[in-house]
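For reference, the structure discussed in these notes is given below.
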Amino acid sequence: MKNALRDVIKQMRRAYSFENTNNQIVKNLINSSVYQKSKNIMLYYPLKYEVNLLEILKDDTKSFYLPKIIKDEMLCCPYKVGDELTLSSFKTKEPLTMSADKNTIDLVIVPALCCDKNNFRLGYGKGYYDRFLKDFKGNTIVCIPKDFIVDTVYPENHDIKIKYIITD
Ligand code: ADP
Ligand code: MG
C-alpha cells in the first residue's frame, strides 16, 4: 500500500509546480508560533521536487541543523549559510560538522512525500525520521502543499505522528 502510494506521489511531484506554493509555505512557517519560539531548528536540504525552505537560513536569530546519514543512523549537524556541504548517496547535501545532541533541537522540519489528515507522513521508505523522532521530545513540522494531503498514508506501528502540518 505504502509503496504504491509512494509511486503515485513521486509521479505527481514531477508534474507539480512547487514555485506556486513555495513562497506561501515559507511565509506561513515563519509566521507560525512554533517556528518563532524555536531557537534550534533542523531542516532538510531539498531535492528537486520538494518544498524548498532554505530561505529561513537567513534568519540569524536561530541556529540551524541539517541531517547527515552515517550507517543507518540520522544525525543532526550544525549548518549556516556559507558552510561547506557534501553530496550524500541520497543526492542530498550534508554538512561536514559533527553531530549535535538531539536534545538541543527545538523543532525538526521533516520532509515528506505526502501527509494524511491524522498527521502521519509518508517518507521515502527508509524510516530514518521514524527512528530519529522515536525518542525526540521537541516539536515537529511537515511543510507541504495542501494538494499533497491525502486521506491515509497507511501508517504502521513504527510511524511517528508529526505535530504540525504547514501548508499553502
Ligand atoms: P518512511 O517513514 O521513510 O516512509 P517506513 O515508515 O515505511 O518509511 O519505514 C521503513 C522501515 O524502517 C520499516 O519497515 C522499518 O523496518 C524501519 N523502521 C522504522 N521505524 C523503526 C523503528 N522505530 N525501529 C526499527 N525499525 C524501524
Ligand atoms: Mg514511516
Side-chain angles (χ1 to χ4, degrees), residues 1-16 18 21-22 25-26 28-29 32 34-35 38 40-54 56 64-79 85-95 99-168:
M1 292 295 246
K2 275 186 173 179
N3 278 331
L5 183 58
R6 282 189 185 100
D7 289 344
V8 169
I9 300 293
K10 280 180 184 168
Q11 194 150 11
M12 184 178 154
R13 298 204 308 177
R14 277 182 235 121
Y16 193 79
F18 283 91
T21 54
N22 212 108
I25 292 172
V26 171
N28 292 347
L29 172 64
S32 70
V34 58
Y35 175 84
S38 301
N40 290 286
I41 299 175
M42 178 170 169
L43 73 163
Y44 60 90
Y45 204 97
L47 298 167
K48 189 170 177 192
Y49 302 110
E50 227 166 31
V51 173
N52 183 333
L53 304 167
L54 296 178
I56 67 172
F64 292 100
Y65 304 79
L66 286 172
K68 171 156 71 179
I69 307 292
I70 302 283
K71 292 183 183 153
D72 276 333
E73 195 188 0
M74 195 168 77
L75 307 174
C76 48
C77 301
Y79 175 74
L85 292 165
T86 56
L87 201 60
S88 77
S89 51
F90 300 95
K91 300 206 174 90
T92 60
K93 291 182 177 177
E94 295 184 336
S99 185
D101 182 341
K102 199 190 289 186
N103 294 315
T104 63
I105 308 279
D106 307 307
L107 170 65
V108 178
I109 303 172
V110 186
L113 280 167
C114 61
C115 273
D116 72 21
K117 292 166 179 163
N118 297 313
N119 282 34
F120 284 106
R121 66 174 272 279
L122 187 70
Y124 291 95
K126 298 264 198 288
Y128 285 114
Y129 279 92
D130 289 321
R131 293 192 297 276
F132 184 84
L133 296 175
K134 197 178 164 189
D135 58 351
F136 178 70
K137 303 286 192 300
N139 281 314
T140 51
I141 289 188
V142 164
C143 292
I144 193 131
K146 51 182 173 305
D147 292 333
F148 290 82
I149 298 174
V150 301
D151 283 337
T152 181
V153 297
Y154 312 104
E156 300 166 88
N157 284 334
H158 66 258
D159 280 313
I160 303 288
K161 233 176 169 165
I162 300 300
K163 286 198 183 142
Y164 304 94
I165 296 177
I166 290 194
T167 188
D168 51 305

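Keep in mind that what you see is a predicted model, and the values were worked out from it rather than measured. In each ligand, atom 1 is the first atom listed, and ligand 1 is the first ligand listed. Hydrogens, waters and symmetry mates are skipped; everything else that's a heavy atom, side chains included, is used.
- Those atoms of ligand 1 that come under 4.0 Å of a heavy atom in Lys2, given as number and element, are 5 (P), 6 (O), 7 (O).
- Side chain of Asn28 to backbone of Ile166: no donor-acceptor contact under 3.5 angstrom is found.
- Annotation for ligand 1: atoms under 4.0 Å from non-hydrogen atoms of Gly123 are 1 (P), 3 (O), 4 (O).
- Summarising the geometry, atom NZ belonging to Lys137 is positioned 14.5 Å from atom CD1 belonging to Ile105; distances are rounded to the nearest 0.5 Å.
- Tyr65 is not listed as a side-chain neighbour of Val108, based on a closest heavy-atom distance of 4.5 Å or more.
- Between Thr92 atom OG1 and Tyr45 atom OH the span is 10.0 Å, to the nearest 0.5 Å.
- Interatomic distance, OH of Tyr128 versus CG of Asp130, reported as 12.5 Å (0.5 Å rounding).
- In this structure, Asp106 contributes its side chain and Asn139 its backbone to no donor-acceptor pair below 3.5 Å.
- If you check which protein heavy atom lies closest to atom 18 (N) of ligand 1, you get Arg131 NH1, 3.8 Å.
- Among the atoms of Tyr128, none of the N or O lies under 3.5 angstrom from an N or O of ligand 1.
- Shown in contact with Lys134 at under 4.0 Å from a heavy atom are these atoms of ligand 1, numbered in order with element: 23 (N).
- No N or O atom of Leu122 sits closer than 3.5 Å to an N or O atom of ligand 1.
- Ranking the protein heavy atoms by distance from atom 2 (O) of ligand 1 puts Asp130 OD2, 2.8 Å first.
- Residue-level check: among N/O/S atoms of Asp159, OD1 sits closest to the Mg ion (ligand 2).
- The proximity of Tyr124 to ligand 1, defined as any non-hydrogen pair under 4.0 Å, is limited to the backbone.
- A cation-pi arrangement is not found for Lys10 relative to Tyr49, the charged atom failing to lie both closer than 6.0 Å to the ring centre and inside a 45° cone about the ring normal.
- Taking the side chain as every heavy atom from C-beta outward, Asn118 and Pro155 never approach each other to under 4.5 Å.
- Taking only non-hydrogen atoms, the option from His158, Lys126, Arg6 nearest to atom 4 (O) of ligand 1 is Arg6.
- Residue contact check: Arg121 has heavy atoms under 4.0 Å from atoms 2 (O) of ligand 1.
- Closest to the Mg ion (ligand 2) among the N, O or S atoms of Asp130 is OD2.
- Residue-level proximity to ligand 1 for Asp159 is carried by the side chain, the only part with a heavy atom below 4.0 angstrom.
- For atom 10 (C) of ligand 1, the nearest non-hydrogen atom of the protein is Gly125 O, 3.4 Å.
- Atom OH of Tyr154 and atom CG of Leu5 lie 6.0 Å apart (nearest 0.5 Å).
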